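Reviewing the structure listed below.
Just so it is clear, the structure is predicted and the values come from calculations on it, not from any experiment. Below, read A as the first sequence line, B as the second, and so on, with proteins coming before strands; counting in each chain starts at 1.
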Protein chains: 2
Amino acid sequence: MRYEGPSADLDRTLMALADPIRRRILQRLAASEARVTDVAAEFSISLNSVSKHIRLLERARLIERNVSGRDHILRFRPEPLSEAQQWIAAQQSFWASRLQAIDDLLTAEDATSEIRPPKEKKRVRKA
Amino acid sequence: MRYEGPSADLDRTLMALADPIRRRILQRLAASEARVTDVAAEFSISLNSVSKHIRLLERARLIERNVSGRDHILRFRPEPLSEAQQWIAAQQSFWASRLQAIDDLLTAEDATSEIRPPKEKKRVRKA
DNA sequence: GCATCATTCATCCTTTTCGGTGAATTATGT
DNA sequence: ACATAATTCACCGAAAAGGATGAATGATGC
């Protein structure tokens with residue numbers, strides 16, 4: 001029983017991106033649309049295997065399928081990438097803001113200690 | 001035998017981010033550093049399980065370990081996130097540039113077809 | 001010495017992923 | 001009718017991931 005977080009979407013997106021072959025398929029489809037058979041041929045894996053990858057990418061809505069006759073035309077959908085990118089950016093900026101907070105704290109300390117700043121007094125070990 | 005792409009780093013990063021628990025651990029560590037025991041307690045999973053997650057995150061260099069006495073202080077390292085972000089951005093911009101190219105093409109066509117544009121002549125089916 | 005933090009190793013379990021095969025099925029193009 | 005595109009189903013197998021447990025080890029704090 002795997003814990004399902006609040007955003008199953010992000011889960012599916014990152015799961016789909018985690019596999020190198022799926023990333024290559026995505027890159028291929030970003031260049032131009034293609035049929036399932038084309039993808040299978042270009043990556044020399046069985047049609048059955050491709051179907052599974054396609055299914056995962058489709059579930060993550062990173063691929064759109066357009067049935068045209070007997071061909072299934074696969075198109076790249078970049079939309080879900082935004083959420084992944086935003087999550088990553090959020091962690092980075094969160095971390096950056098923490099650094100800023102620490103910096104502010106130190107600056108404030110420096111400002112307070114205008115009357116003789118006791119440098120090298122951080123991390124005192126048994127003073 | 002899994003295919004190892006040209007960037008095993010990106011692989012490890014996205015693999016690490018693919019799991020929701022690891023993402024929560026990362027978020028937690030982005031807020032402030034913590035010990036292994038702390039993480040285990042806060043997410044109520046066994047110390048053994050946490051170790052494995054930490055190992056994966058460490059292998060992806062998303063976490064830095066700093067042994068201080070008997071405590072292992074875990075710190076968030078945002079650096080590897082850049083590569084992941086860049087890959088995603090590349091796909092998005094690649095796709096956007098394709099759209100732009102198509103747009104340019106259509107505009108060029110329109111400009112050329114100033115002398116009577118034969119609309120609906122694409123995808124001719126047995127004329 | 002003893003408790004604590006953390007790792008590692010050895011198991012075990014279940015589930016998932018990734019790959020394949022083979023056969024059946026549906027729909028379509030020719 | 002026949003070939004093609006693609007799916008699905010039923011398998012198989014190997015590997016990895018996630019979780020747990022228990023025991024041992026090492027380093028450290030008290």
Side-chain angles (χ1 to χ4, degrees), chain A residues 1-5 8 11-26 28-29 33-60 62-75 123 125-126, chain B residues 1-5 8 11-26 28-29 33-60 62-75 123-127:
Chain A
M1 202 194 311
R2 184 99 158 241
Y3 169 76
E4 273 284 317
D11 246 52
R12 280 187 256 276
T13 304
L14 287 172
M15 245 279 276
L17 293 184
D19 186 77
I21 290 190
R22 279 195 292 270
R23 281 204 305 278
R24 294 206 296 155
I25 292 179
L26 268 197
R28 166 63 185 82
L29 294 179
E33 57 188 35
R35 297 172 309 158
V36 178
T37 308
D38 298 333
V39 176
E42 289 174 35
F43 295 94
S44 45
I45 45 180
S46 79
L47 211 59
N48 210 327
S49 257
V50 177
S51 260
K52 292 179 188 174
H53 283 303
I54 299 297
R55 206 184 312 149
L56 278 180
L57 288 167
E58 218 176 356
R59 210 173 55 189
L62 283 166
I63 274 185
E64 184 198 46
R65 181 194 308 264
N66 212 294
V67 180
S68 163
R70 65 181 169 178
D71 297 335
H72 291 210
I73 308 294
L74 306 174
R75 280 189 195 85
R123 291 289 188 276
R125 188 169 295 271
K126 274 169 183 162
Chain B
M1 203 194 308
R2 185 98 158 243
Y3 170 77
E4 272 285 316
D11 246 52
R12 281 187 255 275
T13 303
L14 287 173
M15 242 280 276
L17 294 183
D19 187 76
I21 291 189
R22 278 195 293 269
R23 281 203 305 278
R24 294 205 298 154
I25 292 178
L26 268 196
R28 166 63 183 82
L29 293 180
E33 57 187 36
R35 296 173 309 159
V36 179
T37 307
D38 298 333
V39 176
E42 289 174 35
F43 295 93
S44 43
I45 46 181
S46 78
L47 211 60
N48 211 325
S49 259
V50 178
S51 260
K52 293 181 189 175
H53 284 303
I54 299 297
R55 207 183 311 149
L56 278 180
L57 288 167
E58 218 176 355
R59 210 173 53 187
L62 283 166
I63 275 186
E64 185 199 46
R65 181 195 307 267
N66 212 295
V67 181
S68 164
R70 63 180 171 179
D71 296 335
H72 291 210
I73 307 294
L74 306 174
R75 281 189 193 85
R123 290 287 189 278
V124 188
R125 188 170 300 270
K126 275 172 185 163

Rounded to the Å, how far apart are [X] [atom1] and [N] [atom2]?
X	N	atom1	atom2	value
B:Ile21	C:dT15	CD1	P	17 Å
A:Leu56	C:dT15	CG	P	19 Å
A:Ile73	C:dG29	CD1	C1'	14 Å
A:Arg59	D:dT7	CZ	P	15 Å
A:Asp19	D:dA16	CG	C1'	13 Å
B:His53	C:dT7	NE2	P	13 Å
A:Asp11	D:dG18	CG	C1'	14 Å
B:Ile25	D:dG18	CD1	C1'	12 Å

A:Arg35 vs D:dT4: side-chain N/O to OP1/OP2 distance below 4.0 Å:
no
Is the distance from OP1 or OP2 of C:dT28 to the nearest side-chain N or O of A:His72 less than 4.0 Å?
no
I'd like to check the side chain to side chain donor-acceptor pair (under 3.5 Å) partners of [X]; sequence neighbours left out, ordered by chain and number.
X	answer
A:Glu58	A:Arg65
B:Asp71	none
A:Arg35	A:Asp38
B:Arg59	none

Looking at B:Leu14 and A:Leu17, what are the two nearest heavy atoms and their distance?
CD1-O, 3.5 Å
Do you know which two heavy atoms are closest between B:Arg12 and B:Ala60, and how far apart they sit?
O-CB, 3.7 Å
Review item, nucleotides 24-30 of chain D N/O atoms under 3.5 Å of protein N/O:
none

Going by side-chain hydrogen bond (donor to acceptor under 3.5 Å, both in side chains), name the pairs with one or both residues in residues 39-53 of chain B, residues two or more places apart or in two chains.
B:Arg22-B:His53, B:Arg28-B:Glu42
Under the salt bridge (Lys or Arg N to Asp or Glu O under 4.0 Å) rule, collect the residues that match up with A:Arg55, sequence neighbours excluded.
none
Using the side-chain contact (heavy atoms from CB on, under 4.5 Å) rule, take B:Arg75 and B:Asn66 through it: C-alpha gap first, then chi angles, then the decisive distance, then the call.
CA-CA 8 Å; B:Arg75 281 189 193 85; B:Asn66 212 295; 3.1 Å; yes
Among D:dT8, D:dT7, C:dC18, which nucleotide has an atom closest to any side-chain atom of A:Arg22?
C:dC18
Atom pairs under 3.5 Å, N or O on each side, protein against nucleotides 20-22 of chain D: can you list them with distances?
unit_1: D:dA20; atom_1: OP2; unit_2: B:Ser46; atom_2: N; d: 3.1
unit_1: D:dA20; atom_1: OP2; unit_2: B:Ser46; atom_2: OG; d: 3.2
unit_1: D:dA20; atom_1: OP2; unit_2: B:Ser49; atom_2: OG; d: 3.4
unit_1: D:dT21; atom_1: O4; unit_2: B:Asn48; atom_2: ND2; d: 2.3
unit_1: D:dG22; atom_1: O6; unit_2: B:Asn48; atom_2: ND2; d: 2.7

